[in-house]
There are 6 protein chains.
Amino acid sequence: MAFIKIVTVAFFVCIAISGVLGDEDPLQDFCVEDPNSNIFINEVPCKDPTTVTADDFTSTILRQGPVTNNTLRIQVDLIDITMFPGLNTQGLSIACLAFGPFGVNPPHNHPRVFAVIWLLQGRLYVGFVSTSNQLFTKVLHPGDLFIFPRGLVHFQRNLDNLDTVAVAVLGSQNPGRIDMARVLFQTTPNIMNEVLEAALQVDENEIDNLRHGVSRT
Amino acid sequence: MAFIKIVTVAFFVCIAISGVLGDEDPLQDFCVEDPNSNIFINEVPCKDPTTVTADDFTSTILRQGPVTNNTLRIQVDLIDITMFPGLNTQGLSIACLAFGPFGVNPPHNHPRVFAVIWLLQGRLYVGFVSTSNQLFTKVLHPGDLFIFPRGLVHFQRNLDNLDTVAVAVLGSQNPGRIDMARVLFQTTPNIMNEVLEAALQVDENEIDNLRHGVSRT
Amino acid sequence: MAFIKIVTVAFFVCIAISGVLGDEDPLQDFCVEDPNSNIFINEVPCKDPTTVTADDFTSTILRQGPVTNNTLRIQVDLIDITMFPGLNTQGLSIACLAFGPFGVNPPHNHPRVFAVIWLLQGRLYVGFVSTSNQLFTKVLHPGDLFIFPRGLVHFQRNLDNLDTVAVAVLGSQNPGRIDMARVLFQTTPNIMNEVLEAALQVDENEIDNLRHGVSRT
Amino acid sequence: MAFIKIVTVAFFVCIAISGVLGDEDPLQDFCVEDPNSNIFINEVPCKDPTTVTADDFTSTILRQGPVTNNTLRIQVDLIDITMFPGLNTQGLSIACLAFGPFGVNPPHNHPRVFAVIWLLQGRLYVGFVSTSNQLFTKVLHPGDLFIFPRGLVHFQRNLDNLDTVAVAVLGSQNPGRIDMARVLFQTTPNIMNEVLEAALQVDENEIDNLRHGVSRT
Amino acid sequence: MAFIKIVTVAFFVCIAISGVLGDEDPLQDFCVEDPNSNIFINEVPCKDPTTVTADDFTSTILRQGPVTNNTLRIQVDLIDITMFPGLNTQGLSIACLAFGPFGVNPPHNHPRVFAVIWLLQGRLYVGFVSTSNQLFTKVLHPGDLFIFPRGLVHFQRNLDNLDTVAVAVLGSQNPGRIDMARVLFQTTPNIMNEVLEAALQVDENEIDNLRHGVSRT
Amino acid sequence: MAFIKIVTVAFFVCIAISGVLGDEDPLQDFCVEDPNSNIFINEVPCKDPTTVTADDFTSTILRQGPVTNNTLRIQVDLIDITMFPGLNTQGLSIACLAFGPFGVNPPHNHPRVFAVIWLLQGRLYVGFVSTSNQLFTKVLHPGDLFIFPRGLVHFQRNLDNLDTVAVAVLGSQNPGRIDMARVLFQTTPNIMNEVLEAALQVDENEIDNLRHGVSRT
């Protein structure tokens with residue numbers, strides 16, 4: 001019986017949790033996000049607390065399965081307050097990481113948070129780079145935890161021809177994500193060529209080539 | 001093949017993650033706990049950063065399986081900085097919750113944090129109580145997430161005669177745990193009878209009876 | 001003359017001050033609570049600062065006397081921003097504790113704050129329990145101060161057949177209060193019996209008995 | 001009987017409580033100040049927690065009476081962590097304010113905190129000045145509370161020929177105090193005359209006169 | 001060519017930057033101040049982020065030159081969020097300090113922040129006073145930096161018969177400024193004479209004289 | 001005379017100031033960095049306060065001139081607590097940006113802070129990228145200020161064949177810097193090829209080519 005349960009787990013358990021240090025402390029028991037508010041402030045308005053129910057603290061979004069038949073062979077589902085209103089003022093987000101065969105979560109950082117990853121299934125190569133450009137890497141096995149310190153660039157790669165599933169917790173309700181390749185080569189509008197040519201010491205043709213490559217991810 | 005992997009997961013994946021709002025922001029890339037320091041301050045001293053390696057950010061502690069043949073039929077493994085030095089200054093802890101048949105995690109709170117629970121396997125009844133004594137409850141199914149707001153009393157109960165496994169993330173590197181039953185009836189030394197008799201409006205014999213009951217959990 | 005003054009004091013000086021660590025820092029000179037605002041956020045909206053007067057920073061609420069002829073023989077008056085709008089963003093609350101003969105303030109905690117108590121009159125037995133269930137107690141005399149650390153469960157008992165008066169300061173403008181007995185036995189709706197039976201290792205009849213006792217406090 | 005108690009109170013109850021917003025959140029149950037530590041950091045080292053007792057959370061310093069026969073006819077006793085080690089990391093200080101006849105607590109501010117004052121006895125004229133130089137004043141009667149917002153300059157004056165007693169709570173464990181008159185005219189060494197002559201538009205003789213006057217307070 | 005550029009700089013480069021520790025952490029990429037909002041809270045509402053452009057992050061206000069032909073021979077331009085909406089939630093302000101011959105920036109503090117000053121041109125005498133009334137002073141030359149710690153009273157004086165220009169950074173988006181002379185002698189309404197007579201130990205005539213002097217600054 | 005002063009400025013005034021939101025609030029008047037301490041904690045130990053002098057709050061490091069005859073034709077001098085001990089606990093850093101003809105400060109971010117740049121001389125093209133990959137750019141003229149929001153990737157380019165000088169303030173005493181090109185192509189050791197090939201969708205030869213280019217910057 002338990003086996004069947006677990007197999008079911010395999011299809012939805014792509015989850016990653018993350019939280020943001022420095023989010024505001026709560027002043028109330030809770031402040032469930034009000035999706036209808038049109039006030040813009042440096043926090044998120046709450047629902048009238050008298051209308052809050054247990055459903056506001058429950059999310060069933062991860063019961064569904066991931067899709068990994070894309071270029072990078074990865075699906076990242078970030079569960080933040082827009083999908084899970086009860087997370088508001090709790091200071092963290094949860095992410096779902098499903099890797100297809102040899103799938104790659106490319107180098108990126110979260111400008112406002114750290115992340116902790118927990119491997120459920122598969123064999124995952126993970127790494128981060130310190131601000132003095134030192135690379136720290138590890139091969140994780142099921143049950144292993146790994147920390148990506150706050151704001152540092154990190155990546156993961158599935159080492160096998162099998163599905164791999166991990167959970168991440170991010171230390172903010174609004175962690176943000178900056179992909180290194182996209183931020184250089186796929187912005188709207190694009191960064192002027194002269195800046196990238198200087199940064200990478202390559203010519204205009206190679207910049208175009210890189211822009212084309214990244215557009216496919 | 002994947003099935004076998006997952007079955008393996010079933011034995012160690014009792015994990016609960018939790019983090020503490022209000023922990024100090026990091027000033028360095030990382031501050032890995034120094035287990036040999038004998039300085040007492042309101043934070044935890046770091047290792048010399050030149051001696052830090054990727055192993056400091058990795059924990060394999062959850063590869064082992066839980067034991068739930070106790071009175072409450074539950075094992076809670078809290079992974080904090082003493083077991084996982086890299087968590088220091090990251091502002092969260094991770095907990096492992098394994099429930100045997102009808103196992104109960106009794107009413108408790110974490111005085112410095114909130115918790116998010118994620119159900120991996122089984123059917124779990126969860127609840128928390130607001131400071132105006134309103135009870136919020138839910139029955140969770142695999143893949144569901146539930147939030148216990150900061151500092152509020154909460155509990156879980158396995159509804160079935162099957163093993164149940166959940167992960168929790170707590171918002172501090174040192175969340176603390178206060179069990180309601182223990183804090184009333186099993187402290188060192190015990191709270192004086194007159195205080196409990198007034199609080200519960202029962203006589204000394206019943207206080208003794210409750211002390212005896214709680215001592216068995 | 002001074003004697004008469006002081007006697008007057010005796011009737012209203014039941015006061016307890018408390019404040020919340022972690023409340024938001026003020027960005028303005030002041031942010032006096034706006035009682036007419038209908039915006040829900042994780043803080044309290046301010047009055048238009050051009051309409052603020054010295055009255056907003058003054059509270060006369062403690063000129064009145066306490067009533068302690070109830071089951072627990074205690075009156076706790078918490079002065080927060082709803083009664084004292086100028087407290088908004090100042091990060092603390094003030095509480096008034098009046099004990100009749102052998103009155104008890106039952107075990108409780110404030111999920112978001114610490115408290116400091118200052119005994120004005122009488123002889124008071126006070127205690128708190130650490131997260132490792134160690135009990136710390138003391139008998140206070142007039143003029144003594146005692147600290148209940150953040151989030152920890154604490155209580156007080158009047159040791160004499162005389163009125164006792166204390167002041168408390170709580171470290172938040174919205175400290176919250178969780179009574180251990182009520183949170184177990186008097187919530188809306190009640191916690192399911194199986195959870196309490198497991199936590200206390202007593203049967204259903206005793207749970208009913210405890211619910212009945214607590215309902216009288 | 002109660003009357004006699006209260007009269008006793010009259011001699012020691014000069015107390016002022018204050019706390020500092022922005023102090024660090026505690027990571028442990030408590031961090032009692034270690035008076036023997038010789039480490040200098042931006043916080044205060046703790047005692048070994050295994051040596052902590054209830055005495056560390058108790059202060060009896062206010063049992064003694066104030067002395068107000070000085071030039072300003074006032075005694076201010078600030079109770080901070082050097083006198084009360086358990087206050088460490090709790091984020092507040094407590095102050096004792098005793099005024100002789102027409103005694104004055106001269107204009108000053110606390111650079112890191114707000115203060116709340118609570119009048120126990122007498123009739124007290126209080127005021128503060130906003131950063132736009134608006135003065136807010138009030139006459140307090142026994143039982144009244146008044147708030148001095150964070151960092152703003154404030155003062156008190158006893159309006160009668162009777163002893164007056166107040167309590168203050170300051171929002172930091174290390175609030176600091178800057179007296180406006182002293183900071184201009186009694187520093188070590190003194191501020192150069194040209195600066196004060198420009199600021200006040202008076203000549204050197206008047207600066208000398210003011211220095212002499214302030215030296216007597 | 002560069003010389004001419006720089007000469008131009010001389011006329012507008014009166015700039016002082018300051019920032020406030022303790023401002024709220026940003027939860028979004030940015031929160032540009034909404035000048036049309038009429039909500040009063042302890043922060044500043046943001047514009048709809050979809051309407052934000054690069055102009056919101058740009059200020060040209062310092063292209064203009066200072067005027068220093070006043071009594072104190074100084075112009076201080078504080079650039080805060082009302083002039084530069086993009087500063088909102090960034091936690092600092094920038095100030096422009098232009099001194100005419102022997103100009104004086106009189107003793108003052110910022111109740112919510114520290115300041116760092118950077119001397120561009122001239123020779124400047126600077127100082128601050130600790131809370132134990134110790135004076136720290138220095139003569140700065142072009143290119144020198146000097147720190148005024150948080151909340152402490154400080155001043156500057158141009159030592160020469162030449163224009164002097166400095167930049168300051170203040171650690172808050174709303175630092176506030178309290179002038180010691182004004183807060184004593186030029187408030188609305190004025191502080192009662194008895195308070196100042198006690199604080200300074202001078203008579204009513206001298207208080208009047210000082211009020212008259214300060215009114216000319 | 002003033003002209004000559006200012007010309008002198010031209011050679012050293014390459015300065016950039018930056019500060020970190022979220023640094024710890026100071027509990028003392030100051031905490032000057034102790035360069036001889038060998039304690040590792042998540043903050044920096046202070047000198048014995050009795051040995052502190054005004055020199056600790058003064059830095060003359062920017063009196064010297066920049067060197068910009070390198071590949072990128074830029075010199076960035078970051079003044080942090082190691083060079084300027086008084087900055088400790090003040091929560092900001094200051095940076096000096098000197099650009100030779102068409103010099104480029106390549107795309108980078110500061111994982112823990114925002115930056116404000118102020119152009120002293122020249123014409124500078126600046127830009128940043130939001131987490132939704134929108135590019136915001138501006139051409140700055142002398143006297144203009146521009147904000148790079150917290151953690152977002154940004155760059156600058158000198159648009160002319162003339163020297164350009166700017167000041168930056170960064171919101172932390174330890175902002176950190178991540179260069180996008182280096183973090184991808186010049187780490188120790190290098191990120192494995194497969195990760196970069198997936199992220200950029202180019203082959204191994206191009207990765208080698210890019211590594212070679214970046215090594216020259």
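Below, chain A is the first sequence line, B the second, and so on; all start at residue 1.
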Cut-off 4.5 Å, heavy atoms of chain C, and the answer for D/Thr58 is both

Okay, D/Asp163 and chain C: the region with an atom under 4.5 Å from a heavy atom over there is neither

One should read off an interatomic distance between C/Leu145 CG and D/Ile94 CD1, to the nearest 0.5 angstrom, of 4.5 Å

Would you tabulate the side-chain donor-acceptor contacts of residues 80-88 of chain D under 3.5 Å, counting partners in other chains and residues two or more places apart, or write 'none'?
residue : atom : partner  : partner atom : Å
D/Asp80 : OD1  : D/Thr82  : N            : 3.1
D/Asp80 : OD1  : D/Thr82  : OG1          : 2.6
D/Asn88 : OD1  : D/Gln173 : NE2          : 3.0
D/Asn88 : ND2  : D/Cys31  : O            : 3.2
D/Asn88 : ND2  : D/Val44  : O            : 3.0

Is there a side-chain contact between C/Phe57 and D/Val126, using heavy atoms and a 4.5 Å cut-off?
no

Ranked by heavy-atom pairs below 4.5 Å to chain D, first place among C/Thr137, C/Leu140, C/Asp55, C/Leu135 goes to C/Asp55

Bottom line for C/Val52: the part with an atom under 4.5 Å from chain D's heavy atoms is both

The reported gap from CZ in D/Phe146 to OG1 in C/Thr60 (rounded to nearest 0.5 angstrom) is 13.0 Å

Taking every heavy atom of C/Phe136 against every heavy atom of D/Ala54, the minimum-distance pair comes out as CD2-N, 3.7 Å

Cut-off 4.5 Å, heavy atoms of chain D, and the answer for C/Ser59 is both

